[in-house]
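Report on one structure; see the data block that follows.
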Amino acid sequence: MKVDGKPFRSIWDKDGAVEIIDQRWLPHDFRIAGIDTLDEFAVAIRDMWVRGAPLIGATAAYGIARQMARDPSDAALSTAYDVLHDTRPTAINLKWALDRCRADLAVLAPEARAAAALDLARRVADEDVECNRMIGVHGLEIIREIAAKKPAGEPVRLLTHCNAGWLATVDWGTATSPMYHAANEGIPIHVWVDETRPRNQGALTAWELGAHGISHSYVVDNAGGHLMQKGLVDMVIVGTDRTTARGDVCNKIGTYLKALAAQDNGVPFYVGLPSSTIDWTVSDGLREIPIEDRDAREVTHVQGTLDDGTIGQVRVTPEGSDGANPAFDVTPARLVTGLITERGVCDASAEGLAGLFPERAA
């Protein structure tokens, strides 16, 4: 994707250094940050300098690569795995990337690990870009079908929750990739963008869509049901941080409510995901997926641009009121119309996923 006409990924390496778009400041300020040490990679993931399951996985792979450049020993590999794994418990891409790094590097002699780790991190990033591009290709077919049934010139109206855009991946995004493909093809669309409290990730989605020239409206989280009741939503599409082998979807808190409203109003509810987000070891999302509890300050305070132009936080709660901050919820597979993956679209079921990924479901 492009920022002010210049192509960017959300993470990249150059001359031995790793750089990221520092998402703490978006959409108010576009900043690039370098991350180098193991602790810096851990902080970047835990404190959401980078966010989104696919991007977290790619960042972890680069974190392993930088650590191997310093110390390629078995002990350093084990330490790096543990430190990075402990940063965020819900997004399965983190463990997927770390497991892949450990398996590939452990069989190599220490002196071969640094180069191999960097090559692997680049491949993880490149593969994510291609997976997300293909999610867009397959999701575009659904948007085409909806567009064909609408009066000429009337936009396909999509609703999305959280940021499952290119900022949450290495490029293209998951939920947004079909939107970008539709816009590039000239299909008129309008996107309802949930604000997604408490971190207001919807503002990042709005920033992305605006940069691409896609029509959108930023709405409060609780507007979705109303919009669906009024017939103003043709399709809901979201991302996911972990999807079970039978199709339960764990995503940003509030996703479950959107799925309930969609079912009640006959609106199709789709989830875009690369296969690295599927946890084949888990079946029951409600019972088995750990839900991250984050700092209450994310609820009690909100960040924005102040009157003097600086970026700051203000408290929105009464003094002394506690905040609770479960960061994710689980949408049961029965509420999901379909899963859009890099291999195609399938039912949110064990059979549907096995049909696309027989080698993983075996």
Worked check of side-chain hydrogen bond (donor to acceptor under 3.5 Å, both in side chains) between N251 and T240: CA-CA 5 Å; N251 194 48; T240 173; 5.3 Å; no

Derivation and outcome, side-chain hydrogen bond (donor to acceptor under 3.5 Å, both in side chains), residues D39 and T37: CA-CA 5 Å; D39 286 344; T37 68; 5.5 Å; no

side-chain hydrogen bond (donor to acceptor under 3.5 Å, both in side chains) assessment of S73 paired with D71: CA-CA 6 Å; S73 67; D71 180 357; 2.9 Å; yes

Audit row: L335, F269, side chain to side chain contact (heavy atoms under 4.5 Å, CB included) steps and yes/no: CA-CA 7 Å; L335 298 177; F269 182 96; 5.8 Å; no

K252/D329 under salt bridge (Lys or Arg N to Asp or Glu O under 4.0 Å): CA gap, chis, key distance, verdict: CA-CA 6 Å; K252 185 68 179 180; D329 59 25; over 6 Å; no

Verdict with supporting geometry, D234 and R157, salt bridge (Lys or Arg N to Asp or Glu O under 4.0 Å): CA-CA 5 Å; D234 298 307; R157 297 159 300 187; 3.3 Å; yes

Candidate pair M1 and F8, rule side chain to side chain contact (heavy atoms under 4.5 Å, CB included), full reasoning: CA-CA 6 Å; M1 298 293 112; F8 274 93; over 6 Å; no

Side chain to side chain contact (heavy atoms under 4.5 Å, CB included) between R294 and M48, intermediate numbers included: CA-CA 11 Å; R294 292 187 60 81; M48 297 176 69; 3.3 Å; yes

Residues Q23, L167; criterion side chain to side chain contact (heavy atoms under 4.5 Å, CB included); working and verdict: CA-CA 8 Å; Q23 297 183 36; L167 289 167; 3.9 Å; yes

Salt bridge (Lys or Arg N to Asp or Glu O under 4.0 Å) assessment of R133 paired with E342: CA-CA 8 Å; R133 186 187 72 81; E342 71 268 23; over 6 Å; no

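With contacts defined as side-chain heavy-atom distances shorter than 4.5 Å, the pair W166/V129 does not qualify. Within the 4.5 Å cutoff, no side-chain heavy atoms of R360 are placed close to those of I278. Side-chain contact between I143 and I187: present, with at least one pair of heavy atoms (C-beta onward) separated by less than 4.5 Å. Annotation: side chain of V314 is in contact with side chain of V302 (closest heavy-atom distance under 4.5 Å). Between L55 and D128 there is no side-chain heavy-atom pair separated by less than 4.5 Å. Between Q67 and V83 the shortest side-chain heavy-atom distance does not fall below 4.5 Å. Between S275 and T341, the closest side-chain pair of non-hydrogen atoms is not below 4.5 Å. Using a 4.5 Å heavy-atom cutoff, the side chains of V156 and I146 are in contact.
In this structure, CD on E195 lies 4.5 Å from CG on D221, to the nearest 0.5 angstrom. Note: L356 CG to H138 NE2 = 8.5 Å, rounded to the nearest 0.5 Å. Taken to the nearest 0.5 Å, the CG atom of L158 stands 13.0 Å off from the NE2 atom of H216. For the atom pair I135 CD1 and E130 CD, the distance stands at 10.5 Å (nearest 0.5 Å). To the nearest 0.5 angstrom, L232 atom CG is 10.0 Å from S217 atom OG. In this structure, CD1 in I214 is found 9.0 Å from CD in E208, a value given to the nearest 0.5 Å.
One hydrophobic cluster holds both V170 and V18 under the rule that ILVMFWY side chains link at heavy-atom gaps under 4.5 Å. Hydrophobic clustering, with ILVMFWY side chains joined whenever heavy atoms are under 4.5 angstrom apart, groups L26 together with I20. L77 and Y62 end up in the same hydrophobic cluster when Ile, Leu, Val, Met, Phe, Trp and Tyr side chains are linked at under 4.5 Å. L98 is not connected to I289 by any chain of hydrophobic side-chain contacts under 4.5 Å among Ile, Leu, Val, Met, Phe, Trp and Tyr, and they are in different clusters. Tracing side-chain contacts under 4.5 Å through hydrophobic residues (I, L, V, M, F, W, Y), one never reaches F357 starting from I340; they form parts of separate clusters.
Of the N and O atoms on the side chains of T196 and D194, not one donor lies less than 3.5 Å from an acceptor on the other residue. N132 and S177 form no side-chain donor-acceptor contact under 3.5 Å, judged by distance and modelled atom types alone. Remark: the T205 side chain and the N163 side chain contain an N/O donor-acceptor pair separated by less than 3.5 Å.
With hydrogens and angles disregarded, no donor-acceptor distance shorter than 3.5 Å links the side chain of D13 to the backbone of G16. Looking at R199, its side chain never comes within 3.5 Å of a backbone N or O of Q201 through a donor-acceptor pair. In this structure, the side chain of T244 engages the main chain of D248 through a donor-acceptor pair within 3.5 Å. Side chain of T176 to main chain of M179: no donor-acceptor pair is present (N/O by atom type, distance under 3.5 Å, no hydrogens or angles). At distances below 3.5 Å, not a single donor-acceptor pair connects side-chain atoms of T160 with backbone N or O atoms of V193. With N265 contributing its side chain and A261 its backbone, the two residues share a donor-acceptor pair below 3.5 Å. Under a 3.5 Å cut-off, the side chain of E288 and the backbone N or O of S283 do form a donor-acceptor pair. In terms of modelled atom types and a separation under 3.5 Å, the side chain of E40 and the main chain of D36 share a donor-acceptor contact. At distances below 3.5 Å, at least one donor-acceptor pair connects side-chain atoms of R242 with backbone N or O atoms of T90. The backbone N or O of R24 lies less than 3.5 Å from a partner atom in the side chain of Q303, making a donor-acceptor pair.
Using bins of under 30°, 30° to 60° and over 60° for the plane-to-plane angle, the ring pair H190/W192 lands in the perpendicular bin. The aromatic rings of F30 and W207 sit parallel to each other, their planes meeting at less than 30°, with 60° as the upper class boundary.
Between R297 and D295 there is no salt bridge, since no side-chain N of the basic residue sits under 4.0 Å from a carboxylate O of the acidic one. A salt bridge between D126 and R122 is absent, with no side-chain N of the basic residue lying under 4.0 Å from a carboxylate O of the acidic one. Between R197 and E298, no side-chain nitrogen of the basic residue sits less than 4.0 Å from a carboxylate oxygen of the acidic one, so the salt-bridge criterion is not met. Under the 4.0 Å criterion applied to side-chain N and carboxylate O atoms, R343 and E359 are assigned as salt-bridge partners. Note on D4 versus K6: no salt bridge recorded, every NZ/NE/NH1/NH2 to OD/OE distance being 4.0 Å or above. Electrostatic pairing of D74 and R113 counts as a salt bridge here, judged by a charged N lying under 4.0 Å from a carboxylate O. Salt bridge present: E127 and R100 bring a charged side-chain N and a carboxylate O closer than 4.0 Å. Taking 4.0 Å as the cut-off between side-chain N and carboxylate O, E292 and R88 count as a salt-bridged pair.
Residue D308 places its CG atom among more than 12 non-hydrogen atoms of other residues, nucleotides or ligands, all under 6.0 Å distant. For CG of N222, the number of neighbouring non-hydrogen atoms (other residues, nucleotides, ligands) closer than 6.0 Å is 12 at most.
With respect to N93, the side chain to side chain donor-acceptor pair (under 3.5 Å) criterion is satisfied by exactly one of D241, T277, T169: T277.
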